[in-house]
Amino acid sequence: MRLLIVEDEADIAQMLGQFFSDRGYEVMIAEDGARALELAQRRVDIILLDVGLPDEDGFCICRRIRDFVGCPIVFLTARVEEEDKLRGFAYGGDDYVTKPFSLAELEARVGAHLRREERGRSSANVRFLGKLSIDYAARRVYAGDVCIPLARKEFDIVELLSQNAEQVFSRERIYERVWGWDAEGDSGVVAEHIRRIRRKLAAQGEEARIATVWGCGYQWKR
Ligand code: CA
């Protein structure tokens, strides 16, 4: 299991890193938010996220990570205000551990989240298409071992098209399905998103996955 620790206090980060790697976890450590966003692009199973970071606060980082990562996120914080907790959950966090915490409790919580995740995954569907795999529960797309970082709407489009492979969707239909009926804006944004998805897929040698059917729309190729 791969654990990402986001913590600016070097001694705490090191202590946690040592503790979890002794227990068989593969540990990555980020000392600030920018590095966390970078490391979260890789395959990560769970994230421990300090709220007080030097560059940006953990809540904002959480929200940004949530755009492309579905794994559990546990906040580590000295703050105990209820308002902060609610804010953390609203930003996509799954749990809260207040400092000072007991390592045994933290380990138990991490284990519980991972088991829950595992249960969800075994019942969820993962679709394999050549070297691409799409994990619909975790909302992630992999090319072999490499995670392709997709923003939320980009994944929504991939989900819609890939679950209806070979079916042609017009821009308008994609817009309605992904952005919703009452979204403000227009379907032009769909083309921009498709361009971005294609660029990311192409970087992994999967450029032909989404076809343009001239005058009609887009189609996911098996
Ligand atoms: Ca801190």
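Predicted model, so just to flag it, every value in this text is computed and none were measured. We count ligands from 1, going down the list as the structure has it; atoms in each ligand are counted the same way.
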**Prompt:** Is the shortest side-chain N to carboxylate O distance from R43 to D135 below 4.0 Å?
**Reply:** no
**Atom name in D50, limited to N/O/S, at shortest distance from the Ca ion (ligand 1)** = OD2
**Side-chain ion pair, E192 and R195, N-O less than 4.0 Å** = yes
**Heteroatom N/O/S of P54 within less than 3.0 Å of the Ca ion (ligand 1)** = no
**Asked** Once rounded to 10 degrees, what value does the angle at the Ca ion (ligand 1) take between OD1 (D8) and O (G52)?
**Response** 80°
**Message:** Is it the case that the side chain of D55 and the backbone of A34 share a donor-acceptor pair, with hydrogens and angles ignored and the cut-off at 3.5 Å?
**Reply:** yes
**Asked** Donor-acceptor pair, E166 side chain versus R222 backbone, under 3.5 Å?
**Response** yes
